[in-house]
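Whatever order the structure lists ligands and atoms in, that order sets their numbers, starting from 1.
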Amino acid sequence: MEAMADLERTGRSWLTDAVIYGIYPQSFQDSNGDGIGDLRGVIDRLDYIVSLGVDAIWFNPCFVSPFHDAGYDVADYLRIAPRYGTNDDLVELVEKAGQRGIRILLDLVVGHTSIEHEWFRTELAADGPHPEGDRYIWRTDEPERGWESDLPGTPQWVRSPGPRQGWYLKNFYDEQPALNFGWVRTDPAQPWRDPVDGPGPKRNRQALKEILDFWLSKGVAGFRVDMAFSLVKDEGLRDGVLASAAIWQELREWLDDAYPDAVLIPEGEEPRTGARLAFDADFMLVIYAPHASLFDNHSAGRLPWHEPRPAFFDAAGEGSTELFLDTWAHLREVDPQRSILLATADHDFTRLRSGRAPEELGAALTFLFTWGSVPSLYYGDEIGMRYLPDLPNVEGAICSPLYNRAGCRTPMQWDDGPNAGFSAAPADSLYLPIDPDPDRPTVAAQDGVPGSTLTLVRELLALRRRTPALQGQAPTTVVNPGYPFAWLRGEDHLVVVNPRREPATLETDQAEGMEVLFGSGCDVTGDRIELDGFGYGILGRSR
Ligand code: BGC
């Protein structure tokens with residue numbers, strides 16, 4: 001309740017009932033024919049974005065970068081990458097989107113920079129530690145074994161290409177040296193372990209403020225924060241996570257004065273430390289198992305923490321909601337009012353459509369847009385774009401032989417024109433190939449067409465917007481966890497989805513006196529709800 005009261009006071013409460021639209025800037029709309037999306041392209045498509053019924057756009061990083069990791073390797077935090085446009089274009093986008101009621105969220109990647117960042121170049125060129133404290137983590141003695149791991153995202157030592165001697169710690173790929181936010185456990189035998197309040201970490205914390213200040217002063221509404229809880233990297237995780245959270249809490253205090261309206265959404269779940277929470281939501285159900293257990297058939301690849309299990313939203317009907325619901329219940333218990341983001345997909349994992357026929361999307365979208373979360377709609381999922389397998393390793397998309405992210409990063413499919421309306425460039429110079437299927441979904445083919453995925457998304461989001469009980473705050477109470485999956489929103493709305501091919505029936509007192517307000521293949525008679533395969537319904541009390 002306290003967190004909610006804070007939000008009300010600050011003007012950040014819009015987030016609790018918001019719908020976010022995730023844009024991978026490379027692939028949305030190319031306005032200058034270079035084969036890569038850009039900000040002008042997004043400005044030109046603002047009316048379309050508004051037509052979906054979303055409240056904010058989250059952009060993957062669009063700053064200067066050599067793009068070894070699609071821009072998650074930032075070389076200049078204060079400049080838009082020229083291929084996307086200029087800082088002025090971003091300001092224009094913020095203004096024009098704002099006039100249409102859409103906020104802009106950027107991606108803050110501060111656990112690491114690119115090797116091309118001036119900070120790294122300076123330290124690499126030096127013959128020893130920076131006199132004001134190193135911004136990166138360097139060691140001169142041979143790293144002990146035991147740090148190595150095949151999992152990208154685990155810190156590992158990389159031999160310095162020189163002139164500086166020794167090794168630097170990386171955060172993800174070798175080209176992404178970890179910024180130095182210090183260590184909880186210091187050790188004189190390991191002098192590279194600066195304390196959290198050492199001079200290097202302090203410089204980085206100051207830089208973090210300057211980055212936030214720079215963009216927030218331009219009207220940006222906030223940030224999604226990449227790898228938010230691994231700034232401090234102590235082994236054994238928990239200490240580092242708590243120390244990382246403390247950095248964000250300090251930052252939130254500063255924000256409360258400087259930009260009280262600014263929203264911060266972490267990648268991950270904010271640890272509850274007893275101190276005031278720094279972030280406005282948990283964005284935990286992304287590449288993690290609870291989300292995978294509902295949707296992900298792992299065609300983008302299996303991550304080490306994914307156990308093979310059938311997805312619940314699958315025609316075979318062999319999955320379970322248990323893992324998701326347990327996680328949900330835990331988050332609700334620790335924080336009843338806190339927003340939780342639930343994404344259709346993102347730039348790191350399989351699209352919603354993967355392994356599903358278009359007629360299967362209704363049940364999934366009905367769940368995602370009426371559950372008590374903040375939905376994040378990944379561009380292209382509103383028309384049912386496919387994950388494309390076996391694409392080349394563009395900008396670090398392939399993390400491991402089993403994990404290729406390129407397939408969920410392909411160009412938006414607008415119409416039947418050249419390159420599906422994405423770009424005027426020759427097809428072989430596009431950022432990634434377009435879905436070659438002659439029947440690939442497009443906006444033009446679905447626009448205004450009853451029953452299309454695009455129409456369904458618009459109708460669901462419009463219904464959500466005019467029905468407070470279907471938004472972020474009203475209670476979500478599970479009525480049936482299996483097939484059909486059924487839950488109450490508030491007291492007067494019952495949502496039922498049947499993601500499997502076989503029909504499903506539910507008898508529940510909750511259905512008494514209700515009628516189908518919206519749905520397909522869903523009938524209610526008394527306390528009995530009957531759903532066709534892939535049916536879905538939003539039920540309300542008859543008046
Ligand atoms: C981003 C990835 C990126 C990684 C390293 C992740 O959490 O979502 O796309 O590769 O951070 O920055």
- [ ] For ligand 1, indicate whether the residue H68 contacts it via side chain, backbone, both or neither (heavy-atom separation under 4.0 Å).
- [x] neither

Quick check on contacts: which atoms of ligand 1 are under 4.0 angstrom from a heavy atom of [X]?
{"X": "H112", "value": "5 (C), 12 (O)"}
{"X": "H347", "value": "1 (C), 2 (C), 8 (O), 9 (O)"}
{"X": "D348", "value": "1 (C), 2 (C), 6 (C), 8 (O), 9 (O)"}
{"X": "R405", "value": "2 (C), 3 (C), 9 (O), 10 (O)"}
{"X": "D69", "value": "3 (C), 4 (C), 5 (C), 10 (O), 12 (O)"}
{"X": "E267", "value": "6 (C), 7 (O), 8 (O)"}

- [ ] Tell me, please, which residues at least two apart from D134 pass salt bridge (charged side-chain N to carboxylate O under 4.0 Å, His left out).
- [x] R164

Between [X] and [Y], does any side-chain N to carboxylate O distance fall below 4.0 Å?
{"X": "E270", "Y": "R338", "value": "yes"}
{"X": "R40", "Y": "E92", "value": "yes"}
{"X": "R386", "Y": "D381", "value": "no"}
{"X": "R185", "Y": "D234", "value": "no"}

TODO: For W414 and F28, run ring pair (Phe, Tyr, Trp, His ring centres under 6.0 Å): C-alpha distance rounded to whole Å, both residues' side-chain angles, the deciding distance at 0.1 Å, then the answer.
DONE: CA-CA 9 Å; W414 294 102; F28 193 63; 5.1 Å; yes

Open item on the list: Any atom of ligand 1 sitting under 4.0 Å from a heavy atom of R224?
Closed with: yes

